[in-house]
*Asks:* 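Once you've had a glance at the structure underneath, I'll fire off some questions.
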Amino acid sequence: MSNLRAKKRAVERLIETAVQAQKRAYCPYSRYPVGAAVLTETGRVFPGCNVENASYGLAMCAERAAIYHAVASGHDALKAVCVVGTAAKPCGACRQVMYEFSDKDPALYLVALSPATGRRTVVKPTVFKLLPMAFEPLAS
């Protein structure tokens, strides 16, 4: 029972980290703030938010920002990923990056957060199901 409780606390911490990251999003063009958080195999949680740029191609999605934050800190094995937005759905590039660092099919939490009510709706697909026929990471 305590293992289930610990897992629930970890998921709540992951979601709350993504919610807080969403508040730091820089999105003056789309006005669509997204927050993300990743939980690594070592138990560390790393936040990320979308950061836009006037040259649209230079923008960075929240999911990739969180994953790159983890990788830059020496953690490259994801246990779980959380994305928060009004209609949280990772883009194709983010799906591929999640796949790259997901050798054990991590949990994925897509949290639709209503700005008006604060209500959270959580959907839990898997990374591997989101990206059929993904590019495979190079074998080591």
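Predicted, not measured: the structure shown is a model, and the values here were computed from it.
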*Asks:* Does the pair R64/E100 count as a salt bridge with the N-to-O cut at 4.0 Å?
*Replies:*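 E100 and R64: not salt-bridged.
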*Asks:* What residues, two or more places apart in sequence or in another chain, satisfy side-chain hydrogen bond (donor to acceptor under 3.5 Å, both in side chains) together with E12?
*Replies:*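 Scan of E12 (side-chain hydrogen bond (donor to acceptor under 3.5 Å, both in side chains), adjacent residues dropped) gives none.
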*Asks:* How many angstroms lie between CD in Q22 and OG1 in T17, if you round to the nearest 0.5 Å?
*Replies:*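 OG1 of T17 is found 13.0 Å from CD of Q22.
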*Asks:* Distance from C94 atom SG to K89 atom NZ, nearest 0.5 Å?
*Replies:*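 C94 atom SG to K89 atom NZ measures 14.5 Å (nearest 0.5 Å).
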*Asks:* Quick one: pull up CG in L113 and CZ in R119 and give me the separation to the nearest 0.5 Å.
*Replies:*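 Here the rounded value is 11.5 Å.
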*Asks:* Does one hydrophobic cluster hold both V127 and I67, with members joined at side-chain heavy-atom distances below 4.5 Å?
*Replies:*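 Shared cluster, yes.
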*Asks:* Could you tell me whether the side chain of S55 and the main chain of L58 form a donor-acceptor pair under 3.5 Å?
*Replies:*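 No, because the side chain of S55 does not come within donor-acceptor range (under 3.5 Å) of the backbone of L58.
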*Asks:* Parallel, tilted or perpendicular: which one describes the rings of Y56 and Y29, with boundaries at 30° and 60°?
*Replies:*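 Aromatic pair Y56/Y29 classed perpendicular.
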*Asks:* Can you measure from CZ (R120) to CD1 (I15) and round to the nearest 0.5 angstrom?
*Replies:*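 So the CZ of R120 and the CD1 of I15 are separated by 7.0 Å.
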*Asks:* Take the angle between the ring planes of Y99 and F128 and call it parallel below 30°, perpendicular above 60°, tilted in between.
*Replies:*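 Tilted: the ring planes of Y99 and F128 meet at 30° to 60°.
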*Asks:* Judged by atom type as modelled, is there a donor-acceptor pair below 3.5 Å linking the side chain of E63 to the main-chain atoms of M98?
*Replies:*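 Answer holds: no.
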*Asks:* Do T40 side-chain atoms and R44 backbone N/O form a donor-acceptor pair below 3.5 Å?
*Replies:*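 It does hold such a pair.
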*Asks:* What about F101 and V38, same hydrophobic cluster or not, with Ile/Leu/Val/Met/Phe/Trp/Tyr joined at side-chain heavy-atom distances under 4.5 Å?
*Replies:*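 Yes, because F101 and V38 connect within a single hydrophobic cluster, where side-chain heavy atoms sit under 4.5 Å apart.
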*Asks:* Any donor and acceptor pair, going by atom type alone, linking the side chain of H75 with main-chain N or O of E41 inside 3.5 Å?
*Replies:*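 Side chain of H75 to backbone of E41, a donor-acceptor pair under 3.5 Å: no, none is there.
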*Asks:* To the nearest 0.5 Å, tell me how far L108 CG sits from R95 CZ.
*Replies:*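 Atom-to-atom, L108:CG and R95:CZ are 9.0 Å apart.
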*Asks:* From Y26 OH over to N53 CG, what is the distance, rounded to the nearest 0.5 angstrom?
*Replies:*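 Y26 OH to N53 CG: 7.5 Å, rounded to 0.5 Å.
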*Asks:* List for me each residue that meets side chain to side chain contact (heavy atoms under 4.5 Å, CB included) alongside T121, sequence neighbours excluded, and say none if there are none.
*Replies:*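 Scan of T121 (side chain to side chain contact (heavy atoms under 4.5 Å, CB included), adjacent residues dropped) gives A112.
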*Asks:* Report yes or no: does N50 contribute a side-chain atom to a donor-acceptor pair with the main-chain N or O of Y32 at less than 3.5 Å?
*Replies:*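 Yes.
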